[in-house]
Amino acid sequence: MMKNKPIALVLLALLIFIRNTSGSSQDDQGQLQVGFYAKTCPHAEAIIHEVVRRAVVADPRNAAILLRLHFHDCFVEGCDGSILINNDLDGELKAAGNAGVAGFDIIEDAKARLESACAAVVSCADIVALAARDAVSLSNGPFYQAPTGRRDGRISKMSLAADLPDVDDSIEVLKSKFTQKGLSHKDLVLLSGGAHTIGVTACFFLQNRLYNFASTGGSDPAIHPLFLPKLKAKCPLNGDVNVRIALDRTSQFIFDDQILYNIRGGFAVIASDARLNDDDDTRQVLVSYLRGSKRSNKTRPSFKEDFTAAMVNMGKIDVKTGSKGEIRRVCSAVN
C-alpha cells in the first residue's frame with residue numbers, strides 16, 4: 001500500500017490540475033448560449049421586451065434605432081456595449097461613423113428595471129442584442145433565439161471606431177470590413193442592405209452621392225433616373241443636412257424584403273446599399289431572394305430566416321465572456 005501511495009498522490013494531483021485548467025479555459029472562453037439568464041434572472045428577456053415594445057409603440061422609428069445601435073456596437077471592440085459608455089473626451093460614440101446613433105435611453109431604462117429585478121446579472125451588451133432582436137420582431141420581422149452571456153467592455157475610444165463601414169465605402173472596402181469581422185458576403189447583404197428595410201437616414205449621408213459622387217461633381221449613376229430628382233428635392237444642395245428620409249421608400253416601419261427590390265432596381269437611398277448591386281458576389285446573394293429570379297419559390301432562400309442567422313453571426317463578434325469584462329451597474333459608465 002505504501003508503494004502505491006506516491007503514485008496515487010501523483011494521479012490525484014494530475015486530476016486536480018486537469019480540472020482546474022479546464023475550468024479556467026471554460027471561464028475565459030465561455031460560450032454564448034440561448035437562455036443564459038434562465039436561472040439567474042428568469043424574467044430578463046421579458047423585461048427587455050416590454051421596454052422595447054413601449055418604445056416602439058411610442059415611436060416606430062425606435063425599432064431601426066435599436067437595430068442600428070447593435071450593429072455599431074458589434075463593429076467596434078466586438079459586441080460588448082462599449083458604444084454606451086459616456087466618455088466625453090474620447091468615446092467611440094464621437095467617431096464620425098457613429099453620427100446619429102441613438103437609443104441609449106431605452107437601453108438604460110431596461111437596465112434600471114433589470115437591476116431592480118436581479119442586480120449585477122444582465123450585461124448591457126446583452127440588453128443591446130436582445131433589444132435589437134425584439135425591435136425586429138415588433139416591426140413585423142422574425143423573432144429568433146438570441147444567444148446571450150456577453151459581458152461588458154471597459155474601453156471606449158474614438159480611434160477604435162475609425163474602420164466602421166461607411167455609406168461612401170466602395171464594395172471592395174465593405175467586403176473587406178465585413179470579412180475582418182468574420183462575416184460573409186451574404187452577411188454583408190443582409191446586415192448592410194437588408195437591415196435598412198426599416199428606418200431613416202439623414203441628408204448628411206447623401207451629399208456625396210447626390211452632388212459629388214466619386215469626386216466627379218455629379219450624381220451616382222446607379223440611381224434610377226426617376227428617383228434622382230425625388231432624392232434631390234428632399235436633400236437639395238446646401239440644404240438642411242438633418243432632414244430625414246426613409247431608407248425603404250414604401251414600407252419604412254415594416255420589416256420586409258422590399259428593400260432588396262429597391263436596391264436591385266436603382267431605388268436604394270444610400271450609396272452603400274447601391275454598391276451591393278455592383279459586385280458579382282453580393283449581387284448574386286441579393287438576386288437570390290427576389291421573386292422572378294431563376295430560383296423557384298421552393299428553392300429561393302428565406303430572407304427573414306437568413307437575416308436572423310446573420311444577426312446571430314454578428315452578435316458573436318469578439319464577445320467577452322467568462323472572466324473577461326464586467327457587468328456594469330449602469331450602461332453609460334464602467335464600474
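The structure presented is a predicted model; accordingly, all values stated were derived computationally and were not measured. Throughout, numbering of the chain's residues begins at 1 and tracks the sequence.
Ion pairing of Asp220 with Arg275 is present here, as a side-chain N (NZ or NE/NH1/NH2) and a carboxylate O approach within less than 4.0 Å. Using a 4.0 Å cut-off between charged side-chain N and carboxylate O, Arg209 and Asp168 make no salt bridge. Residues Asp80 and Arg150 are not paired through a salt bridge, judged by the lack of any N-O separation under 4.0 Å between the basic side chain and the carboxylate. Checked for salt-bridge contact, Arg291 and Asp257 meet the test: a charged N lies under 4.0 Å from a carboxylate O.
Counting only N and O atoms by type, the side chains of Thr148 and Asp126 include no donor and acceptor under 3.5 Å apart. Arg264 and Asn277 are linked by a side-chain donor-acceptor pair at a separation below 3.5 angstrom, with hydrogens and angles left out of the test. Using a 3.5 Å distance cut-off with no hydrogens or angles, the side chains of Thr308 and Asp306 do not pair a donor with an acceptor. Ser156 and Asn87 share no donor-acceptor pair across their side chains, judged by distance under 3.5 Å alone. Ser82 and Glu92 share a side-chain donor-acceptor pair at under 3.5 Å.
For Phe255 and Phe307, the gap between ring centers is short of 6.0 Å.
Residue Lys157 places its NZ atom among 12 or fewer non-hydrogen atoms of other residues, nucleotides or ligands, all under 6.0 Å distant.
Atoms CG and CG, on Leu276 and Leu260 in that order, are 9.0 Å from each other to the nearest 0.5 Å.
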